[in-house]
Amino acid sequence: MKAQRIRYFYGVFISAFTAVLGVLFVAVAVGILSDGNWAQGAYTRDLVAERLFPVSIVFYFWVAAIVAGFVLSLVYPVKDKPVKIPQEGATLKRLSARIPLGSGEKYDAEMKLLRDERCNRLIVYIVCAAVCFACAVASAVYLLQPTNFKGLAANEAMFRMMFWVLPCVAVALLSCVWATLYQRDSQKREISAIKRLIASYKDNPVIIKTPNAVIDAVRKFFTNKYTVIVVRAGVAVIAVTFIILGVFNGGARDVFIKAINICTECIGLG
């Protein structure tokens, strides 16, 4: 109990300490950017080192706190109990094979609920995929137009890109979160309905489902080890081909020069 309490308070402390350190780093970066003279060498190594020196002291204390936490874990070990994470999908698959036969209005209502939940989940998946695809297309349309990056300062181009791309990423992410949460709630409702059916018609025989030949064939094709090997080999060949093409058309040199510029002009290295 003592070890758990010590680890709890240490976790709170190191979390708050990490947040403070992050805020300090952001404040230094914003301070350098607000000077507005990056063209005259605001990102030089000397200036960045001067600005980061006060934060480095806090950083060293943070590293010491991390080391102290490692020592505490050795002095006060705690055996964490394994937490069972509910797997609605696996439970639903297991119970779906035990749905009994039956008749009557109550049985028909429960079966209709199962069909509705499955249909609603499919609709949610399609909507989520459509939203993600639309967001990806909208982002690609902006990013693949060179005119959006010509004649602009680097910071202005980045801000305009973020103004266009980040909302698309946020919408896609929120749609995926919504689909995940809806799937979990829908599966829970379906599991409850199946359990009611099993409890009410436990003496009836189980429904024997006829497997779909097309679905089984597609599943076997994509899970076949040779298919996986061929796909991986194809992706590797495409990657190597593009790397070679990039080397011969000067792309590697362009990337190298951009990397040098980032290190020397942006973060003040070199």
> For Y107 and P100, which heavy atoms make the closest approach, and how far apart are they?
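The pair with the smallest heavy-atom distance is OH-O, 2.7 Å.
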> So V131 and L174, do their side chains get closer than 4.5 Å, heavy atoms only?
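L174 does not reach V131 side chain to side chain.
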> When you compare the side chain of F59 with that of L52, does any pair of heavy atoms fall below 4.5 Å?
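They are not in contact (no side-chain heavy atoms under 4.5 Å apart), so the answer is no.
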> Yes or no on salt bridge (Lys or Arg N to Asp or Glu O under 4.0 Å) for R189 and E117, after CA distance, side-chain angles and deciding distance?
CA-CA 8 Å; R189 290 191 294 268; E117 291 295 342; 2.9 Å; yes
> Measure the CD1-SG distance between I123 and C128 for me, rounded to the nearest 0.5 Å.
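Taking CD1 in I123 and SG in C128, the distance rounds to 14.0 Å.
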> Counting heavy atoms not belonging to F61, are there more than 12 under 6.0 Å from its CZ?
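No, because the 6.0 Å sphere around CZ of F61 holds 12 heavy atoms or fewer from other groups.
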> For the CD atom of Q187 and the NZ atom of K93, what is their distance to the nearest 0.5 Å?
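These two atoms lie 12.5 Å from each other.
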> Under a single-linkage rule joining Ile, Leu, Val, Met, Phe, Trp and Tyr whose side-chain heavy atoms are separated by less than 4.5 Å, which residues share a cluster with Y8?
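Grouped by the 4.5 Å side-chain rule, F9, V12 form the rest of the cluster around Y8.
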> Minimum heavy-atom separation for Y201 to L101, with atom names?
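Y201 and L101 have their closest heavy atoms at CB-O, 4.0 Å.
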> Taking everything shown except Y125 itself, do over 12 heavy atoms lie less than 6.0 Å from its OH?
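Yes, OH of Y125 has more than 12 neighbouring heavy atoms, counting only those of other groups under 6.0 Å.
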> Shared ILVMFWY cluster between V127 and V171, side chains joined below 4.5 angstrom?
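Looking at the clustering, V171 is in the same group as V127.
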> Please tell me if the side chains of V235 and R232 come closer than 4.5 Å, counting only heavy atoms from C-beta onward.
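V235 vs R232: side chains apart.
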> Are F13 and Y60 connected in the hydrophobic side-chain network, where two residues link if heavy atoms are under 4.5 Å apart?
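Result: yes, single cluster for both.
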> Taking all atoms of both residues into account, what is the closest heavy-atom pair of M162 and P167, and its distance?
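So the minimum-distance heavy-atom pair works out to O-CD, 3.5 Å.
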> Counting only N and O atoms by type, is there a donor-acceptor contact under 3.5 Å from the side chain of S139 to the main-chain atoms of A136?
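The answer is no, because no donor-acceptor pair under 3.5 Å joins these two groups.
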> Please name the pair of heavy atoms, one in C135 and one in A172, separated by the smallest distance, quoted to 0.1 Å.
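Nearest pair, atom of C135 first, then A172: SG-N, 3.9 Å.
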> Given side chains that start at C-beta, do those of W62 and V58 come closer than 4.5 Å, heavy atoms only?
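Not in contact.
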> Do I191 and E88 have side chains that approach each other closer than 4.5 Å (heavy atoms only, starting at C-beta)?
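SC-SC contact between I191 and E88 confirmed.
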> On a heavy-atom basis, which atom in I198 and which in R98 lie closest, and how many Å separate them?
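Distance-wise, the nearest heavy atoms are CG1-O, 3.7 Å.
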> For atom CD of E105, decide whether the heavy atoms of other residues, nucleotides or ligands shown that lie under 6.0 angstrom number more than 12.
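Not more than 12 within 6.0 Å, no.
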> After noting the C-alpha distance and the side-chain angles of L72 and R7, does the key distance pass the side-chain contact (heavy atoms from CB on, under 4.5 Å) rule?
CA-CA 8 Å; L72 285 175; R7 292 184 62 176; over 6 Å; no
> Under 4.5 Å between side-chain heavy atoms, counting indirect links through other Ile/Leu/Val/Met/Phe/Trp/Tyr residues: same cluster for F25 and V63 or not?
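Yes, it is one cluster - the side chains of F25 and V63 are joined through contacts under 4.5 Å.
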> Test question: given the 4.5 Å side-chain rule for I, L, V, M, F, W and Y, name all other residues clustered with V141, or answer none.
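Members other than V141 - counting any ILVMFWY side chain reachable under 4.5 Å - are F133, V137.
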> Taking S56 for its side chain and F53 for its backbone only, find out whether a donor-acceptor pair lies under 3.5 Å.
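Checking the backbone N and O of F53 against the side chain of S56, a donor-acceptor pair under 3.5 Å is found.
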> Got L92 and I194 here, is their nearest side-chain heavy-atom distance under 4.5 Å?
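Yes, side chains in contact.
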> Determine the minimum heavy-atom distance between Y10 and I66, stating which atoms define it.
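Heavy atoms only, the tightest pair is OH-CA, 3.6 Å.
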> List the steps, then state whether salt bridge (Lys or Arg N to Asp or Glu O under 4.0 Å) holds for D116 with K112.
CA-CA 6 Å; D116 291 344; K112 181 178 182 302; 2.8 Å; yes
> Can you confirm whether R196 is buried at CZ, in the sense that more than 12 heavy atoms of other residues, nucleotides or ligands lie under 6.0 Å from that atom?
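Enclosed: over 12 neighbouring heavy atoms sit under 6.0 Å from CZ of R196.
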> How about S192 and K188: do any of their side-chain heavy atoms sit closer than 4.5 Å?
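No, their side chains stay 4.5 Å or more apart.
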> Say whether L113 and Y182 are linked into one hydrophobic cluster, either directly or through other cluster members, by side-chain heavy-atom distances under 4.5 angstrom.
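L113 and Y182: separate clusters.
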> Please state whether the rings of W164 and Y142 are parallel, tilted or perpendicular, taking 30° and 60° as the class boundaries.
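Parallel: the ring planes of W164 and Y142 meet at under 30°.
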> Decide whether V169 and M161 are clustered together by the hydrophobic rule: side chain heavy atoms of Ile, Leu, Val, Met, Phe, Trp, Tyr closer than 4.5 Å, transitively.
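Yes: a chain of side-chain contacts under 4.5 Å links V169 to M161.
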> Counting C-beta onward and ignoring hydrogens, is there a side-chain heavy-atom pair between M111 and I99 closer than 4.5 Å?
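M111 vs I99: side chains touch.
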